[in-house]
Each structure stands twice: as C-alpha cells, then as structure tokens.
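Reviewing the structure listed below.
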Amino acid sequence: MTSSYRPNLMPNVMLLGDSGVGKTCILMRFRDGLFLCGNFISTVGVDFRTKVVSVDNTKVKLQIWDTAGQERFRSVTHAYYRDAHALLLLYDVTNKTSFDNIRAWLGEIREYAQDDVVIMLLGNKADCGSERAVRREEGERLAREYNVAFMETSAKSGQNVELAFVAVARELKFRQNGQQDCNKFNVQDYVREQTQKSQCPPCTT
Ligand SMILES: Nc1nc2c(ncn2[C@@H]2O[C@H](COP(=O)(O)OP(=O)(O)OP(=O)(O)O)[C@@H](O)[C@H]2O)c(=O)[nH]1
C-alpha cells in the first residue's frame, strides 16, 4: 500500500560552508553511498535531493539543499535559509581558512535563518590525517562556544555521515512532537554519545 511510504515529516536540511569543504560529497555519500575521488565540480546556486530515514517508527523524508560555497552565489543561497529546519555547517579539517570562516557563516545564519533552526558543525575530510590543519578540539571548542552539536566526518570513508543526518532527523522529530522541553532528547548529547561509542576500543570481556 502506498500509505506505508508516506513520510510523517519532511524537513528541509541545508548544507553550508566554504567552497570545496565537501558538501556535495557528504550528500552523495549519505544518499548514494558513493565517493567520487578527486572529482571537484563546484555547485552552481542550489541543488536538491531527498532521502527517507527512519527514526524509531517515524519516516522522516529529509529534503536536502546542497548550496554553492562560492561567494558569488551567496545572495541566491540566503533566500533559502528562512525555510531551513536544520543546517549542516561544514569546514574542511585540512583547510584552516574554511574553519576560520565558520564564525562568518554563523553570523549569516543568525541574520537569515529561523531562530530555532537546528545547527550542526561538521569538520569534514577527517580521513586526511597527515594534511590536518584544524585539531578536533578546536572544532569542539567552537561548537561549545556557539552551543551547537559537532562531529568530524569523512565523505571518503563515510565516518559519521549517516549519524549527522540521522541526529538532525531525530531532533526535528522530537521537536515536532513538542518534546523539546522535556529533556527527552538533546542533539548535542546524542551526537556526543554516539561518537564516543564509535571511538571506544573493542570490548575485551
Ligand atoms: N579526502 C577527502 N576528500 C574529500 C572529502 N569530501 C570531499 N572531498 C574532496 O573535496 C573536493 C570538494 O568537494 P565538494 O563536495 O565538491 O565540495 P563543496 O563543498 O560541495 O564545494 P562547492 O560546491 O564549491 O561549494 C572534491 O575534490 C572531493 O573529492 C572527504 O571527506 N575526504
């Protein structure tokens, strides 16, 4: 029956961050499980994809907007902020400038997005160990300062990519159910727990 495929929730999720940080690759990894190595074609304006995720028994159809990081498209992308329910804000851990620019991105978010938008900061390209220019702790500190969730990701290895989208889907589902004030779900705690679990050494008992 078609009704079983009807999503309960269809939030808009936007990908933001400097050009080249990996927004399109994160989306391709999440949606199609693919990574096209070395294939950098800058997004023009805004691109759109959907993917359904299950949160407990709720189907959440994420409507994902992949924006161009290039400055010349800024006025186009600003027009979409207002309709976003969640923002995944990326920097590239091998590119210090992209990290330094996060404060400016957060300023734009404050100016153009809804006050209650869910924001998650992602340090992408975590697979590039030897080229790293931004330490994980720096990302964590910045996220704490702005009171947003944080994790490092890799579109190449898939590290934390699914988790990032599922975490915002969970947060949005709980908010829609009016449970945001009940301490039942907190996206920052959830992300911290889940990333700690994945970093734990294997159990020996
Ligand atoms: N090693 C590594 N490379 C990545 C990763 N994510 C993206 N890249 C590479 O980074 C480059 C840019 O990726 P895109 O996803 O096109 O970047 P973007 O943020 O969408 O860029 P704009 O569309 O210009 O805003 C490509 O050459 C990708 O192959 C990652 O997690 N690890």
Side-chain angles (χ1 to χ4, degrees), residues 12-51 62-81 83-84 86-109 111-113 117 119-140 142-143 148-168 191 194-195 198-199:
N12 292 321
V13 178
M14 261 179 100
L15 295 165
L16 296 175
D18 280 8
S19 178
V21 295
K23 299 180 295 296
T24 302
C25 289
I26 284 279
L27 178 52
M28 279 183 69
R29 165 62 74 184
F30 174 60
R31 192 171 173 274
D32 306 316
L34 293 174
F35 178 73
L36 300 177
C37 205
N39 203 14
F40 182 23
I41 302 166
S42 252
T43 304
V44 173
V46 177
D47 202 2
F48 172 75
R49 296 278 186 279
T50 63
K51 180 158 171 166
L62 297 174
Q63 311 199 89
I64 308 164
W65 301 84
D66 176 19
T67 64
Q70 287 179 23
E71 189 83 42
R72 63 197 168 107
F73 295 114
R74 252 355 111 74
S75 56
V76 180
T77 54
H78 286 163
Y80 290 82
Y81 281 49
D83 293 323
L87 302 170
L88 297 182
L89 176 58
L90 280 77
Y91 64 90
D92 169 354
V93 301
T94 72
N95 178 341
K96 183 74 163 58
T97 306
S98 73
F99 178 70
D100 293 340
N101 286 339
I102 289 295
R103 287 179 192 278
W105 282 105
L106 287 161
E108 293 197 4
I109 290 168
E111 189 170 347
Y112 296 103
V117 70
I119 303 171
M120 187 174 299
L121 179 65
L122 302 179
N124 191 41
K125 307 195 188 180
D127 58 281
C128 298
S130 56
E131 298 155 60
R132 184 182 276 273
V134 183
R135 286 178 295 118
R136 175 198 294 273
E137 297 73 33
E138 294 177 87
E140 283 170 347
L142 185 62
V148 298
F150 168 76
M151 67 179 100
E152 290 197 336
T153 54
S154 167
K156 188 172 183 178
S157 73
Q159 178 190 338
N160 288 340
V161 174
E162 179 96 13
L163 175 59
F165 286 94
V166 168
V168 294
V191 163
Q194 298 296 316
T195 47
S198 65
Q199 282 160 21

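The analysis underlying the following values was restricted to heavy atoms, covering all of them including side chains, and did not include hydrogens, waters or symmetry mates. Both ligands and their constituent atoms are indexed starting at 1 by order of listing.
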Legend entry - Close N or O approach (Gly69, ligand 1; < 3.5 Å): yes

Legend entry - Polar proximity ligand 1 side, Lys125 side, N/O cut 3.5 Å exclusive: yes

Inset, instruction - Could you tell me whether Val21 and ligand 1 have an N or O pair separated by under 3.5 Å? - result: yes

Inset, instruction - With heavy atoms only and a cut-off of under 4.0 Å, state how Cys128 meets ligand 1: side chain, backbone, both or neither. - result: side chain

Inset, instruction - Using modelled atom types only, decide if a donor and an acceptor are shared between the side chain of Lys51 and the backbone of Phe30 within a distance under 3.5 Å. - result: yes

Legend entry - ligand 1 N/O within reach of Gly17 N/O, cut-off under 3.5 Å: no

Legend entry - Any pair counted as salt bridge (charged side-chain N to carboxylate O under 4.0 Å, His left out), so long as it reaches residues 24-38, sequence neighbours left out: none

Table please: side-chain donor-acceptor pairs of residues 20-28 below 3.5 Å, with sequence neighbours left out.
| from | atom 1 | to | atom 2 | distance (Å) |
| --- | --- | --- | --- | --- |
| Lys23 | NZ | Gly17 | O | 2.9 |
| Lys23 | NZ | Asp18 | O | 3.0 |
| Thr24 | OG1 | Thr43 | OG1 | 3.0 |
| Thr24 | OG1 | Asp66 | OD2 | 2.6 |

Inset, instruction - Would you please classify the geometry between the Trp65 ring and the Tyr80 ring as parallel, tilted or perpendicular, with 30° and 60° separating the classes? - result: tilted

Legend entry - Heteroatom distance test (Phe35, ligand 1): nitrogen or oxygen, under 3.5 angstrom: no

Legend entry - Close-contact set for ligand 1 against Thr24 heavy atoms, below 4.0 Å: 15 (O), 20 (O)

Legend entry - Which of the ligand 1 atoms, numbered from 1, are nearer than 4.0 Å to a heavy atom of Leu36: 29 (O)

Inset, instruction - Say whether, by atom type as modelled, one donor and one acceptor occur between the side chain of Asn124 and the main chain of Leu90 under 3.5 angstrom. - result: no

Inset, instruction - Pull out every atom of ligand 1 sitting under 4.0 Å from any heavy atom of Asp127, numbered as shown with elements. - result: 1 (N), 2 (C), 30 (C), 31 (O), 32 (N)

Inset, instruction - Using distance alone, determine whether Ala126 and ligand 1 share an N or O pair under 3.5 Å. - result: no

Legend entry - Proximity of Leu90 to ligand 1 by residue part, where a heavy atom lies under 4.0 Å: neither

Legend entry - Polar contact flag for Thr153 and ligand 1 (N/O pairs, less than 3.5 Å): no

Legend entry - Any N or O of Gly22 closer than 3.5 Å to N or O of ligand 1: yes

Inset, instruction - With heavy atoms of Asp18 as the reference, note each atom of ligand 1 found under 4.0 Å away. - result: 19 (O)

Inset, instruction - Answer yes or no: is there a donor N or O on one side and an acceptor on the other, between the side chain of Thr67 and the main chain of Leu15, under 3.5 Å? - result: yes

Inset, instruction - Would you check whether Ser42 has a nitrogen or oxygen atom less than 3.5 angstrom from a nitrogen or oxygen atom of ligand 1? - result: yes

Legend entry - Donor-acceptor contact below 3.5 Å, side chain Ser154 vs main chain Gln159: no

Legend entry - Interfacing atoms of ligand 1 (cut-off 4.0 Å, heavy-atom, Asn124): 5 (C), 6 (N), 31 (O)

